[in-house]
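Excluded from the calculations below are hydrogen atoms, water molecules and symmetry mates; all remaining heavy atoms, backbone and side chain alike, are included. Letters A, B, ... mirror the listed sequences (proteins, then strands); counts begin at 1.
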Protein chains: 2
Amino acid sequence: MFYTVGEAAKRLGVAPSTLRYYDKEGLLPFVERTNGGIRMFKQSDFEGLRLIECLKKTGMPIKDIKRFMDLCSVGDESISERLEMIDRQRERVLEQIEQLKENLQILDYKHWYYETAKAAGTCAVHDSLSAQDVPSDLRAARENLEGGVQERAKGS
Amino acid sequence: MFYTVGEAAKRLGVAPSTLRYYDKEGLLPFVERTNGGIRMFKQSDFEGLRLIECLKKTGMPIKDIKRFMDLCSVGDESISERLEMIDRQRERVLEQIEQLKENLQILDYKHWYYETAKAAGTCAVHDSLSAQDVPSDLRAARENLEGGVQERAKGS
DNA sequence: TTACTACTTAAAGTTAACTTTAAGTCAATA
DNA sequence: TATTGACTTAAAGTTAACTTTAAGTAGTAA
């Protein structure tokens, strides 16, 4: 029912040194030790580790994750603050997704750009193309990419 | 019609040292200089910079961005390879979005968890709750978070 | 011509998040 | 009891992406 640091690391797909580092940074106050000082990860510890993974993957720095874990340790009096941290992180994730979607549009435009150039054998094919030659769902991204400041004279 | 490094940095919302660093790393081969050696950013340079921003924000390392810029410099013979790089990056972005959405679900569950705990004044309220007490759209996230390995005896 | 501000480079410094190393300990097996 | 492999800590090393510093140059305004 218990895992050593190596077994826990394998189960989580991280290096043992990573778990020791997290422990040293105070992210794993819930992990107990044997008399000999060896860490014993129990089933329920993996729930905390899964949350840490979630916070890390959504860009929360180690220090802030430690803050959250400290709040968990003090008990019920910190519920409101924990809720606030979760809500702030949720909003950051929504922003990240929006940002990625916007950048995805630019990559979609570039995909079309190079597909078209590849078919023509040269990027110069785009010199004679205007907005209506660009697939409608990519026009906004093209504007975004090119700054939309000035219109290039076509066919000149 | 030209920008110094400081003006370009301001327009892009980055530090001048960042643009100098990018230039040193070979990301800005298109930026020209005055006789005196001062960088002159022209309108069209901002298109390249916008693409660099896109690649950076989607997690591409500086080295790979340099690779892409080098490909741009060689001309039409590198179109296919540039297309491949764009396509690979597109897929990474789709993966990132999926990952973020999954982690968002966990945060949504935690939001509900702490809202409920806050209302009850204690996290212990969750000890007496079972799967059907969890909003249906959050059950999957709860399973994900708790590993779903074992069912806790209720009310014991 | 003298200030003055922003520019230049090279090199060193910073930060986050690990990873590696060194020296030693624990626990199970031959 | 001795060996083996995984564990322990502290401290140093790594990497990416900048930022800062130092020493000097460019270009403009008085």
Side-chain angles (χ1 to χ4, degrees), chain A residues 1-42 45 48-49 51-70 89 92 96 99 103, chain B residues 1-42 45 48-49 51-70 89 92 96 99 103:
Chain A
M1 241 29 258
F2 289 104
Y3 297 71
T4 65
V5 72
E7 291 160 349
K10 186 164 286 182
R11 176 167 162 180
L12 292 162
V14 303
S17 61
T18 304
L19 291 182
R20 294 200 188 98
Y21 167 68
Y22 288 173
D23 197 11
K24 199 177 63 177
E25 294 300 307
L27 267 55
L28 314 177
F30 47 79
V31 173
E32 294 177 69
R33 306 276 187 128
T34 63
N35 287 339
I38 289 180
R39 292 177 188 83
M40 297 185 337
F41 291 77
K42 48 190 178 306
D45 293 346
L49 284 160
L51 181 59
I52 288 172
E53 190 193 357
C54 169
L55 296 175
K56 243 178 42 63
K57 287 199 175 163
T58 55
M60 184 181 284
I62 297 287
K63 272 195 180 178
D64 294 5
I65 299 178
K66 172 180 162 45
R67 170 79 186 141
F68 187 86
M69 290 305 162
D70 287 347
Q89 193 65 7
R92 276 187 224 110
Q96 288 176 58
Q99 269 270 357
N103 285 310
Chain B
M1 243 25 264
F2 288 103
Y3 298 72
T4 65
V5 73
E7 291 159 350
K10 185 164 285 181
R11 176 166 162 181
L12 293 163
V14 302
S17 61
T18 305
L19 290 182
R20 293 198 187 99
Y21 167 69
Y22 288 172
D23 197 10
K24 199 177 62 175
E25 294 300 307
L27 266 55
L28 314 177
F30 48 79
V31 173
E32 293 178 69
R33 307 275 188 129
T34 64
N35 288 339
I38 289 179
R39 293 177 188 84
M40 298 187 333
F41 290 78
K42 47 191 179 304
D45 293 346
L49 284 160
L51 181 59
I52 288 171
E53 190 193 358
C54 170
L55 297 175
K56 244 179 40 66
K57 287 199 175 163
T58 55
M60 185 181 284
I62 298 287
K63 271 195 180 178
D64 294 4
I65 300 178
K66 173 180 162 44
R67 170 78 185 143
F68 187 85
M69 292 305 166
D70 286 346
Q89 192 65 6
R92 274 186 225 112
Q96 288 176 58
Q99 270 270 357
N103 286 309

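For A/K42, the NZ atom sits in a packed shell: over 12 heavy atoms of surrounding residues, nucleotides or ligands are nearer than 6.0 Å.
The side chain of A/R39 places an N or O atom within less than 4.0 Å of a non-bridging phosphate oxygen (OP1 or OP2) of D/dT8. When the side-chain nitrogen and oxygen atoms of B/T34 are compared with OP1 and OP2 of D/dA26, none of them lie within a distance under 4.0 Å. Contact between the side-chain N/O atoms of B/K56 and the OP1/OP2 oxygens of D/dC18 is found at a separation under 4.0 Å. Considering only side-chain N and O atoms, B/T4 lies under 4.0 angstrom from the phosphate OP1 or OP2 of C/dC7. Considering only side-chain N and O atoms, B/R33 lies nowhere under 4.0 angstrom from the phosphate OP1 or OP2 of D/dT25. For A/R20 and D/dT9, the shortest distance from a side-chain N or O to OP1 or OP2 is not below 4.0 Å.
Each of A/G36 and A/A15 has a nearest nucleotide on DNA chain C; the 5'-most of these lies closest to A/A15. Toward the 5′ end of DNA chain D lies the nearest nucleotide of A/I38, the other residue of the pair A/K24 and A/I38 mapping further downstream. When each of B/G59 and B/G37 is assigned the nucleotide of DNA chain D bearing its nearest heavy atom, the one mapping closer to the 5' terminus is B/G59.
Between A/R33 and A/D23, at least one side-chain N (NZ, or NE/NH1/NH2) sits under 4.0 Å from a carboxylate O, which counts as a salt bridge. For A/K57 and A/E53, the salt-bridge test passes: some basic side-chain N is under 4.0 Å from an acidic carboxylate O.
If you measure from atom CG of B/D23 to atom P of C/dT8, you get 9 Å, rounded to the nearest angstrom. Between the CD atom of A/E7 and the C1' atom of C/dA28 there is a distance of 13 Å, given to the nearest Å. Atom CD in A/E32 sits about 14 Å away from atom P in D/dT8, given to the nearest Å. Distance NZ (A/K66) to P (C/dA17): 14 Å, rounded to an integer number of Å. Rounded to whole Å, the distance from CG on A/L27 to C1' on C/dA16 is 13 Å. Counting to the nearest Å, the C1' atom of D/dA6 and the CZ atom of A/F41 are 14 Å from each other. For the pair B/L28 CG and C/dT8 C1', the computed distance is 15 Å after rounding to whole Å. Distance, A/L19 CG to D/dT8 P: 10 Å, rounded to whole Å.
Here the nucleotide nearest the side chain of B/P61, chosen from D/dA17, C/dT9, D/dT20, is D/dA17. Of the candidate nucleotides C/dT19, C/dC18, D/dA17, D/dA17 has the atom lying nearest to any side-chain atom of B/Y21.
Among the heavy atoms of the strands lying under 4.0 Å from A/T18 are primed sugar atoms or P, OP1, OP2 only; no base atom is included.
When atom types are taken as modelled, the side chain of B/E25 and the backbone of B/I62 share no donor-acceptor pair closer than 3.5 angstrom. Side-chain atoms of B/T18 do not come within 3.5 Å of backbone N or O of B/V14 as any donor-acceptor pair.
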